[in-house]
Amino acid sequence: MKSTLFAVLALVALALPAMAQDQHKLMYVTPAEAVKLTAKLVDHAGTHFLVRKDAYGQELVYRDGSGVPEVHANWADHFVVTEGEATLVVGGTVVGEHETGPGEKRGTSITGGTSYALTPGTSITVPPGMPHWMVLKPGAHFRAVVFKLKD
């Protein structure tokens, strides 16, 4: 119960910048709506942008499997975990790194990174240019709100 309350309070506090940017639109998403918005999975991930602006984004994320390493040249990712568990590998060197779009790189794995356990109530910010890789154990799932901030 405490972790759920913490997660809700963290989401409210972190959503305030978005609400300040667009004062004419109130965003309210229930857990059931979040599940529906992220139901379509592509490569074990379901995502839905609630806000997408030039320098800020707010995204709902659901995963039922590991992703691939990513590096965003100009964007920080701030994760607030609401459900499930995963490991976020941060830093190190991306193996098989290749560009997938302007300022965006992907790879097959990370060597030499640091692993962080992500559970409900956890928040972590990955700065621009830092490799990161979401890894899930078989059968696990993960749900978070990701705030994307342009550098």
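Heavy atoms only: backbone and side chains are in, while hydrogens, waters and symmetry mates are out.
Without hydrogens or angle criteria, His132 side chain to Met130 main chain gives a donor-acceptor distance under 3.5 Å. Counting only distance, with no hydrogens or angles, the side chain of Ser66 and the backbone of Leu136 share a donor-acceptor pair below 3.5 Å. Between the side chain of His98 and the backbone N or O of Gly96 there is at least one donor-acceptor pair closer than 3.5 Å.
Arg106 contributes atom CZ, which lies 4.0 Å from atom CD of Glu70 (distance to the nearest 0.5 angstrom). Between the NE2 atom in His48 and the OG1 atom in Thr38 there is a gap of 9.5 Å [rounded to 0.5 Å]. Expressed to the nearest 0.5 Å, how far CZ of Phe142 lies from OG1 of Thr119 amounts to 9.5 Å.
Pairing each heavy atom of Val94 with each of Gly107, the nearest pair is CG1-CA, 3.6 Å. Taking all atoms of both residues into account, the shortest heavy-atom contact from Glu59 to Thr47 is OE2-CB, 3.2 Å. The two residues Asp54 and Trp75 come nearest to each other via the heavy atoms O-CH2, 3.5 Å. For Val68 against Trp133, the heavy-atom pair with the smallest separation is C-CD1, 3.5 Å. The shortest heavy-atom contact between Pro131 and Val71 is CA-CG2, 3.7 Å. The two residues Phe49 and Gly57 come nearest to each other via the heavy atoms CE2-CA, 4.3 Å.
Two different hydrophobic clusters hold Val89 and Tyr116 under the rule that ILVMFWY side chains link at heavy-atom gaps under 4.5 Å. No continuous path of hydrophobic side-chain contacts links Leu41 to Leu37 [ILVMFWY only; heavy atoms under 4.5 Å]. Cluster annotation: Val81 is connected to Val126 through the hydrophobic network of ILVMFWY side chains, with a link wherever side-chain heavy atoms come within less than 4.5 Å.
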Working for side chain to side chain contact (heavy atoms under 4.5 Å, CB included), residues Leu149 and Tyr56: CA-CA 5 Å; Leu149 306 170; Tyr56 174 80; 3.3 Å; yes
Derivation of the side chain to side chain contact (heavy atoms under 4.5 Å, CB included) call for Leu60 and Tyr62: CA-CA 7 Å; Leu60 300 175; Tyr62 173 81; over 6 Å; no
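When each of Val145, Leu88, Thr125 is tested with Phe79 by the rule side-chain contact (heavy atoms from CB on, under 4.5 Å), just one qualifies, namely Leu88. A side-chain contact (heavy atoms from CB on, under 4.5 Å) with His44 is found for exactly one of His141, Arg63, Met134, namely Arg63.
No hydrogens or angles considered: a donor-acceptor pair under 3.5 Å links the side chains of His72 and Glu104.
Using a 4.5 Å heavy-atom threshold, the side chains of Ser123 and Val80 count as touching.
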